[in-house]
Amino acid sequence: MGALIGILFFLIATAFSILCFVFWVWMLIDCLKNEPSTGNDKIIWGLVIAFTGIGALLYYFIRRPERIKQTGQ
């Protein structure tokens with residue numbers, strides 16, 4: 001029974017890790033593709049997403065809705 005729980009935990013953890021990686025890539029591409037090139041916002045957000053563990057979530061909840069309101073993208 002313990003081995004079955006271990007395998008289940010491993011599968012759930014692997015699926016969660018893959019989903020987190022896909023979300024991270026999606027936010028990085030979204031930032032680099034859709035952020036306006038004026039100013040340093042694109043560079044700063046790209047670096048925040050790329051080099052911090054929580055950068056993709058910050059971008060998704062803080063910057064992305066603001067950018068969509070401003071530019072419609």
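Side chains are part of it too, since the values below use all heavy atoms of this structure and drop only hydrogens, waters and symmetry mates.
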Exercise for the section: Is it possible for you to say whether Ile29 and Phe51 belong to one hydrophobic cluster, with membership spreading through side-chain heavy-atom contacts below 4.5 Å? Expected result: no

Handout entry: Phe10 with Leu4, same ILVMFWY side-chain cluster at under 4.5 Å
Key = no

Practice task
Report the relative orientation of the aromatic rings in Tyr60 and Phe23; use parallel for angles under 30°, tilted for 30 to 60°, perpendicular for over 60°.
Solution key: perpendicular

Fill in the blank from the handout: Met27 and Ala56 have their tightest heavy-atom pair at CG-O, 3.7 Å

Problem - Rounded distance (nearest 0.5 Å) linking atom CG of Leu47 with atom CG of Leu28 - result: 9.5 Å

Practice task
Kindly work out whether a path of hydrophobic side-chain contacts (I/L/V/M/F/W/Y, heavy atoms less than 4.5 Å apart) joins Ile7 to Phe16.
Solution key: no

Handout entry: Interatomic distance, Trp24 atom CH2 to Leu57 atom CG [nearest 0.5 angstrom]
Key = 13.5 Å

Practice task
Report the distance from atom CG of Leu11 to atom CZ of Phe9, rounding to the nearest 0.5 Å.
Solution key: 11.0 Å

Handout entry: Pair Arg63-Ile49, side-chain contact (heavy atoms from CB on, under 4.5 Å): steps then yes or no
Key = CA-CA 11 Å; Arg63 176 60 184 149; Ile49 293 168; over 6 Å; no

Practice task
Give, for atom CZ of Arg64 and atom CH2 of Trp45, the distance between the pair rounded to the nearest 0.5 Å.
Solution key: 12.5 Å

Exercise for the section: Indicate, with yes or no, if Ile44 and Phe61 share a hydrophobic cluster defined by side-chain heavy-atom contacts under 4.5 Å among Ile, Leu, Val, Met, Phe, Trp and Tyr. Expected result: yes

Fill in the blank from the handout: Of all heavy-atom pairs linking Cys31 and Gly46, the shortest is SG-N, 3.7 Å

Handout entry: Verify same cluster id: Ile43, Ile62 (apolar side-chain graph, 4.5 Å)
Key = no

Problem - Distance (rounded to the nearest 0.5 Å) between Lys42 NZ and Leu32 CG - result: 6.5 Å

